[in-house]
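To start, the structure under review is shown below, and the notes come after it.
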Amino acid sequence: MKFLGAVLPRVAAQGFLALSSYLVSITAAHTLGTKALALFFVGWTIESLWVGAIRMVVVPALLLHRTAPSLTGLIGVGTAAGTPLVVAVIAVSASGLSWLTACLLAATVWTLGAYELARSVFARSRKEPYALPLADGAVFILAMFGVGVGIAAAGPSLNATLVSISLASVLATAAIGIFLRRSSGLDERFEPALDWLRQTWQLIRLGMLEWVVFFVTSMAGVALLGIIGGADVLAGVRLAETLVAPIGLVSSALPFLSAAALRDQPPGAVRWPKILRNSLLLLEAGALVYLIGLQVAPEPVLALLVGEHVEIARQASLGLAIGVLASLFASVATLVMKHRQQVRVLSRLRLVELIVSLPLIAAGAAFGTAAAAGMGISASQALPAAVQGFLHLKQAPKATDHAD
């Protein structure tokens with residue numbers, strides 16, 4: 001019960017983040033025409049890629065390193081780094097949206113990016129499991145309140161929703177900053193942001209490589225599925241990814257759940273922390289039950305998520321199953337390897353992953369079925385996971401592979 005008490009609040013936190021994002025997407029879908037909606041989603045995708053980059057590049061170093069950076073300085077660096085993307089969002093969306101809407105959309109790069117950094121520093125500094133879901137829940141509730149006020153005043157408005165989500169994020173970021181500055185008794189030492197970035201550069205650089213690999217394989221993979229497999233295969237895989245998305249949502253809580261246990265491990269420790277082992281077993285078991293459930297669930301239930309395309313989405317989700325389970329193990333193994341500073345090994349693994357993933361995806365798509373395409377994606381995910389498993393069994397005692 002104590003274990004579930006630590007896991008569930010952090011899963012809830014990730015859920016609140018997803019709901020906040022859905023607020024924007026749902027409002028856009030109900031207020032924009034087809035062309036404007038397409039341009040909006042291009043801009044919203046840029047924002048999502050930026051927040052995703054923060055999570056892959058900065059957050060692991062933030063959670064695993066022995067010290068934390070000054071929040072004000074870190075947000076300043078993040079704001080400067082995100083400014084070109086702000087300009088990009090305005091450039092791609094202004095032709096189909098009003099200037100005000102385009103600017104409000106672009107501002108989310110700054111506001112949501114800053115909150116992602118703030119919540120991560122907050123999660124590191126507070127060991128209570130309910131601290132993070134309280135912060136994320138506050139953002140969602142504030143945003144919902146703003147959207148409700150906008151609807152009551154003038155009906156559904158994308159501008160009102162964008163203002164609400166940005167303002168809620170800014171208020172929460174400011175509250176976290178004030179709390180960290182005034183709280184006493186925090187067992188934490190905050191470094192100047194630039195000094196901290198220099199100290200964690202190896203992990204930051206690895207995160208950049210991982211993000212590039214993720215971006216290239218995701219975009220090129222979609223193109224290969226469409227070109228080689230055709231529209232039905234592409235649609236089936238994308239719909240199946242919608243069905244299995246809750247597993248990714250749950251697994252995204254892992255770094256926040258286990259980082260403190262990894263930091264507290266003595267140097268040279270071989271076994272993974274107990275909370276990490278238990279989390280992986282729970283996630284694998286839950287994911288397996290969920291994936292089986294997708295195959296036996298009544299068609300009307302799945303139709304609520306994928307419409308009339310239940311059969312092709314179900315087939316593709318069966319193909320994706322092995323990759324989903326393998327990815328859960330890989331995410332945990334990667335976290336441990338990063339903590340042990342096995343940067344060089346992970347860098348080589350990511351380069352190999354970049355080389356082999358696309359041919360495997362193309363091979364699966366060539367069979368012309370959604371299930372085979374899903375299996376190709378699974379193979380591209382299972383291969384690096386298998387390598388990490390082999391390395392853990394063989395080299396776990398050698399937790400000294402420090403990058404130069």
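- Between the side chains of Thr111 and Ser166, at least one donor-acceptor pair of N or O atoms lies under 3.5 Å.
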Can you give the donor-acceptor pairs under 3.5 Å from side chains of residues 18-25 to other protein atoms, not counting sequence neighbours?
unit_1	atom_1	unit_2	atom_2	d
Ser20	OG	Phe16	O	3.0

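- Proximity of Thr217 to Leu354: side-chain heavy atoms (C-beta onward) are separated by under 4.5 Å at one or more points.
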Between Leu224 and Leu358, does the side chain to side chain contact (heavy atoms under 4.5 Å, CB included) criterion hold? Intermediate values first, please. CA-CA 8 Å; Leu224 288 172; Leu358 296 180; 4.0 Å; yes

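- The shortest distance between side-chain heavy atoms of Ser125 and Leu180 falls below 4.5 Å.
- Take Trp211 and apply the ring pair (Phe, Tyr, Trp, His ring centres under 6.0 Å) test, not counting sequence neighbours, and it matches Phe215.
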Apply the test side chain to side chain contact (heavy atoms under 4.5 Å, CB included) to residues Ile90 and Cys103: give CA-CA distance (whole Å), side-chain angles for both, the deciding distance (0.1 Å), then the verdict. CA-CA 6 Å; Ile90 295 174; Cys103 290; 4.2 Å; yes

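- Using a 4.5 Å heavy-atom threshold, the side chains of Leu117 and Thr173 count as separate.
- In this structure, Arg238 and Val222 have side chains that are in contact, with non-hydrogen atoms separated by less than 4.5 Å.
- Taking CG from Leu349 and CG from Leu209, the interatomic distance works out to 10.0 Å, rounded to the nearest 0.5 Å.
- Put simply, the residue from Lys338, Arg340, His339 that forms a side-chain contact (heavy atoms from CB on, under 4.5 Å) with Gln342 is Arg340.
- A distance-only check finds no donor-acceptor pair linking the side chain of Thr31 to the backbone of Ser157 [under 3.5 Å].
- The neighbour count for Asp195 CG, taken as heavy atoms of other residues, nucleotides or ligands under 6.0 Å away, is above 12.
- If you take OG1 on Thr369 and CD1 on Ile312, they are separated by 9.0 Å, rounding to the nearest 0.5 Å.
- Tested against Phe145 for a side-chain contact (heavy atoms from CB on, under 4.5 Å), the candidates Val149, Val147, Leu142, Ile141 yield a single pass: Val149.
- Across all non-hydrogen atoms, the minimal contact from Leu283 to Ser251 is CD1-CA, 4.2 Å.
- Within the 3.5 Å criterion, the main-chain N or O of Ala61 finds no donor-acceptor partner in the side chain of His65.
- How far CG of Leu132 is from OG of Ser120: 8.0 Å, rounded to the nearest 0.5 Å.
- The distance from the CG atom of Leu32 to the CG atom of Leu97 is 6.0 Å, given to the nearest 0.5 Å.
- Counting heavy atoms from C-beta outward, Leu203 and Gln341 have side chains that approach closer than 4.5 Å.
- Considering all non-hydrogen atoms of both residues, Pro60 and Arg55 come closest at CD-O, 3.0 Å.
- The shortest distance between side-chain heavy atoms of Leu383 and Glu353 does not fall below 4.5 Å.
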Contacts under 3.5 angstrom, residues 289-302 side chains, donor-acceptor by atom type, not counting sequence neighbours:
unit_1	atom_1	unit_2	atom_2	d
Tyr290	OH	Leu243	O	2.5
Gln295	NE2	Arg314	O	3.3
Gln295	NE2	Ser317	OG	3.1

Verdict with supporting geometry, Arg277 and Val332, side chain to side chain contact (heavy atoms under 4.5 Å, CB included): CA-CA 9 Å; Arg277 300 196 306 270; Val332 175; over 6 Å; no

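- Residue Trp272 qualifies as enclosed at atom CH2: its count of foreign heavy atoms under 6.0 Å is above 12.
- When side chains are defined from C-beta on, Trp44 does not count as touching Val89, because their heavy atoms never get closer than 4.5 Å.
- Atom-to-atom distance recorded for Thr108:OG1 and Ile46:CD1 is 10.0 Å, nearest 0.5 angstrom.
- A donor-acceptor distance shorter than 3.5 angstrom exists from the side chain of Arg124 to the backbone of Leu62, with no hydrogens or angles considered.
- Here the options are Leu225, Ile322, Leu360, the test is side-chain contact (heavy atoms from CB on, under 4.5 Å), and the partner is Ile377; only Leu225 passes.
- The line from OG of Ser327 to CG of Leu320 is 9.5 Å long, rounded to the nearest 0.5 Å.
- Taking both residues in full, the closest heavy atoms of Ala143 and Ile165 are given as CB-CD1, 3.9 Å, listed atom of the first, atom of the second, then distance.
- At a threshold of 4.5 Å between non-hydrogen side-chain atoms, the residues Asp136 and Tyr115 count as touching.
- Within 6.0 Å of the CZ atom in Phe329, the count of heavy atoms belonging to other residues, nucleotides or ligands exceeds 12.
- Residue Leu39 comes nearest to Ser95 through the heavy atom pair CD1-OG, 3.5 Å, listed as atom of the first residue, atom of the second, then distance.
- Nearest heavy-atom pair, Phe41 versus Thr45, reported as atom, atom and distance to 0.1 Å: O-OG1, 2.6 Å.
- The shortest non-hydrogen separation linking Leu328 to Ser331 is O-OG, 2.7 Å.
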